[in-house]
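Below is one structure, written out as C-alpha cells; comments come after it.
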There are 2 protein chains.
Amino acid sequence: METRQSAALKVGELAKQTGLSVRTLHYYDEIGLLSPSRRTEAGHRLYTAGDVDRLRQINSLRYLGASLEEIREILDAPDFSPRRVIEQHLARLREQIKLQQKLCDRLEEIAARLSSKEEGSAEELVQTVEVIRMSERLWRYYTPEQREEIEERGRGLGEERIRQVEAEWPELMEQVRAEMEAGTDPSDERVQRLAKRWMELVREFTGGNPEIESSVRNVWRQEETIHGVDTGPMREMGEYISRAMAASKKPK
Amino acid sequence: METRQSAALKVGELAKQTGLSVRTLHYYDEIGLLSPSRRTEAGHRLYTAGDVDRLRQINSLRYLGASLEEIREILDAPDFSPRRVIEQHLARLREQIKLQQKLCDRLEEIAARLSSKEEGSAEELVQTVEVIRMSERLWRYYTPEQREEIEERGRGLGEERIRQVEAEWPELMEQVRAEMEAGTDPSDERVQRLAKRWMELVREFTGGNPEIESSVRNVWRQEETIHGVDTGPMREMGEYISRAMAASKKPK
DNA sequence: CTTGAACCTAACGTAACGTGAGGTTGTAGC
DNA sequence: GCTACAACCTCACGTTACGTTAGGTTCAAG
C-alpha cells in the first residue's frame with residue numbers, strides 16, 4: 001500500500017501492460033523462462049520489478065525471432081557474445097527467406113501458366129508442377145554454355161510463345177497419360193499425332209542441338225538411380241512416345 | 001508373380017522410390033490422406049499404381065508449400081479452381097516473406113550497430129533492440145513532412161555519425177538505468193552529465209525542431225494507453241532525465 | 001454476505017512427422 | 001526345420017508456443 005508503484009504486479013496487470021496473454025505468462029513460468037519471484041499466500045503470482053525487467057528482455061529477443069529456448073540460453077549465460085548469436089540467427093533467417101522466395105517464384109510461375117487458361121483440373125495443376133520440378137532438376141545437369149544457349153533461345157522465342165508452350169505441355173502430358181492408361185497402341189493415329197506434337201515441343205526447347213538432347217536423355221538415365229521424385233511415370237511416357245515414333249518410321 | 005512390374009509396392013519400397021520416410025507414409029495413412037488400397041493377409045500395406053499416382057500428386061502439391069489438409073481438400077474436391085488456390089497461397093506466402101524480410105532488416109541493423117563495438121553484454125543487445133523498437137513505433141506518428149525532414153537530416157549527418165549515435169544510445173541508457181537503480185539523486189553531477197549528453201543526442205535527432213520534439217512527447221503520452229511494449233521503464237528514464245534537467249536550471 | 005472478476009492448476013489440441021518400444025512376418029542360409 | 005535378420009505392424013510419446021476450456025479458489029466491491 002505504498003504511494004510508490006505497487007512494487008509487484010499480478011499476472012493480469014502484467015499481461016495488460018505487455019500485451020501478452022495470461023496464458024503466455026503462465027507458460028513462461030511453467031517452462032522456467034520467467035518465474036515470478038514472489039507469490040501471495042493464496043498462490044497468486046507476483047512479478048517484481050526485476051521480473052518485469054526480465055520480461056522486457058525476453059520480449060526484445062522474441063522480437064528478433066529467437067525461440068524461447070534460445071532466449072533462455074542467452075539470458076542465462078553470464079558471458080555472451082550478442083554479435084555471434086545475431087549473425088548466426090541472421091544466417092538461418094536468410095536461408096529461410098531464400099527458400100520461401102524460391103517457393104514464391106514457383107508459385108508465380110504456376111500462376112502465370114495457369115492464368116492463360118480459363119479453368120483447370122487438379123490434375124492439370126499437378127502436371128504443371130511436375131513439368132517445373134523436372135525442369136528444375138534438369139537445369140542442374142546442363143553446362144553453363146548449354147544454359148546460356150537455352151536462355152538465348154528463350155529470349156529469341158519471345159515471352160508469349162514460351163508461355164504458350166509451357167501451357168501446352170501439361171495438356172499434352174495429360175492426353176498421353178490418358179492414352180497410355182486406355183492401353184492405346186502406340187501406332188494408333190491419335191497417339192501418332194500426340195507423339196509428333198511432343199517431339200515438336202522438345203525440338204523447340206532443345207533447338208535441335210544434339211548435345212542438349214543427349215544431355216536430356218542422360219538425365220533421364222541418371223535420375224533413375226537418384227532417390228526422390230517419381231520419374232517412373234515420366235519415363236514410361238517417354239518410352240511410349242519412343243515406341244510411337246518407331247512405329248511411325250515403318251508404318252506397317 | 002507377373003513379369004510385369006510387381007503391381008503393388010510395400011511401404012519400404014515406396015519410401016525408397018519417393019524419398020519419403022516410412023513413418024511419413026504411415027502418417028499419411030493415419031490421417032487418411034493416402035491409404036493403400038490393399039493389404040496382405042498379414043496386414044502389410046500394398047500400394048497400387050493408383051496409390052502411387054496419388055502420392056505423386058501429393059508430393060507435387062507439397063512442393064508448393066501446401067499443408068496436408070489443403071492437399072486433401074484439393075485432391076478430394078472434384079471440381080476445383082487451381083488458380084484461386086495458388087493465388088491465395090501466393091498471397092499468404094508473400095505476406096510471410098515480407099514479415100521475415102522485416103525481421104531480417106532488424107537483425108541486420110542490430111548487427112551493424114553491434115559490430116562497431118568489440119564485445120557486448122546481453123543487456124546491451126536488449127537495449128539496442130529497444131531503441132529500434134521504439135524508433136519503429138515512433139515512426140508511425142510522424143507526418144510525411146516530418147519523416148522527410150528527419151531523413152534529410154540523416155543524410156546530412158552522414159552514415160558514420162549516425163552509426164556512432166546509434167551505438168551510443170544503448171550505452172547511455174544502460175548508464176542512466178544503473179544510476180536510477182542505484183537511487184542516485186538527479187542533481188548528482190554524474191547524472192547531470194548523462195542528462196546533458198542525452199539531450200544532445202535528442203537534439204541531434206530532432207534537429208531542435210520544436211514540432212518534432214512535441215511529436216515525440218506526444219507519442220510518449222499516447223503510448224501509455226496503447227497496449228504492448230513496456231514503455232514504463234523508458235518513461236521513468238525520461239522523467240529522471242527531466243528532473244535532472246530541472247535540477248540543472250537552479251543548481252541549489 | 002453475495003456476486004463477479006481475477007486467479008489457480010490440469011489437461012487436451014495444434015502440424016507433421018521423428019523416434020523408440022515391443023511384437024509379427026518374410027526370407028535366406030544352414 | 002531352425003535360426004537369423006530385415007522389414008513390417010501398432011501404439012504412443014516428444015516436438016513449439018501457446019489457445020482453449022473445465023473446475024475450483026480468492027479478491028474487491030456493494
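Just so it is clear: chains get the letters A, B, ... in the order the sequence lines come, proteins before strands, and each one is counted from 1.
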**Prompt:** Just by distance, do the side chain of B/Arg72 and the backbone of B/Ser67 share a donor-acceptor pair under 3.5 Å?
**Reply:** no
**Message:** Between B/Glu70 and B/Arg92, does any NZ, NE, NH1 or NH2 come within less than 4.0 Å of an OD or OE carboxylate oxygen?
**Reply:** yes
**Message:** Below 4.0 Å from chain B heavy atoms, what is the first contacting nucleotide of DNA chain C and what is the last?
**Reply:** C/dA16 to C/dG26
**Request:** Could you tell me whether a side-chain N or O of B/Asp53 sits under 3.5 Å from a main-chain N or O of B/Gly50, the two making a donor and an acceptor?
**Result:** no
**Prompt:** Roughly how many Å is it from CD in B/Glu13 to P in D/dA6, rounded to a whole number?
**Reply:** 17 Å
**Fill in**
Nearest heavy-atom contact between A/Ile71 and A/Leu33 is CG2-CD1, 4.2 Å
**Message:** The criterion is side-chain hydrogen bond (donor to acceptor under 3.5 Å, both in side chains); which residues satisfy it with B/Asp76, sequence neighbours excluded?
**Reply:** B/Arg54
**Request:** Check whether any side-chain heavy atom of A/Gln57 lies under 4.5 Å from a side-chain heavy atom of A/Arg62, and answer yes or no.
**Result:** no
**Complete:** Rounded to the nearest 0.5 angstrom, the CD1-NE2 distance for B/Ile110 and A/His89 is 10.5 Å
**Message:** Donor-acceptor pair, distance only, cut-off 3.5 Å: does the side chain of B/His44 make one with the backbone of B/Lys10?
**Reply:** no
**Asked** Rounded to the nearest 0.5 Å, how far does OG1 of A/Thr18 lie from CZ of A/Arg56?
**Response** 13.0 Å
**Request:** Starting from the first five and the last five pairs of the helix from C/dC1-D/dG30 to C/dC30-D/dG1, work out the angle between the resulting helix axes, to 10 degrees.
**Result:** 20°
**Message:** Could you check whether any side-chain heavy atom of A/Leu61 comes within less than 4.5 Å of a side-chain heavy atom of A/Ile74, counting everything from C-beta outward?
**Reply:** yes
**Message:** Give the residues of residues 22-33 of chain A touching DNA chain C, defined as any heavy atom closer than 4.0 Å, sorted by residue number.
**Reply:** A/Arg23, A/His26
**Asked** For every nucleotide of nucleotides 23-30 of chain D, 5' to 3': is a protein heavy atom under 4.0 Å from its base (B), only from its sugar-phosphate (S), or from neither (-)?
**Response** ---SS---
**Given A/Ile58, A/Asp29, A/Thr24, the one that forms side-chain contact (heavy atoms from CB on, under 4.5 Å) with A/Leu34** = A/Ile58
**Complete:** Hits for side-chain hydrogen bond (donor to acceptor under 3.5 Å, both in side chains) against B/Arg38, two or more places apart or cross-chain, chain-then-number order -> none
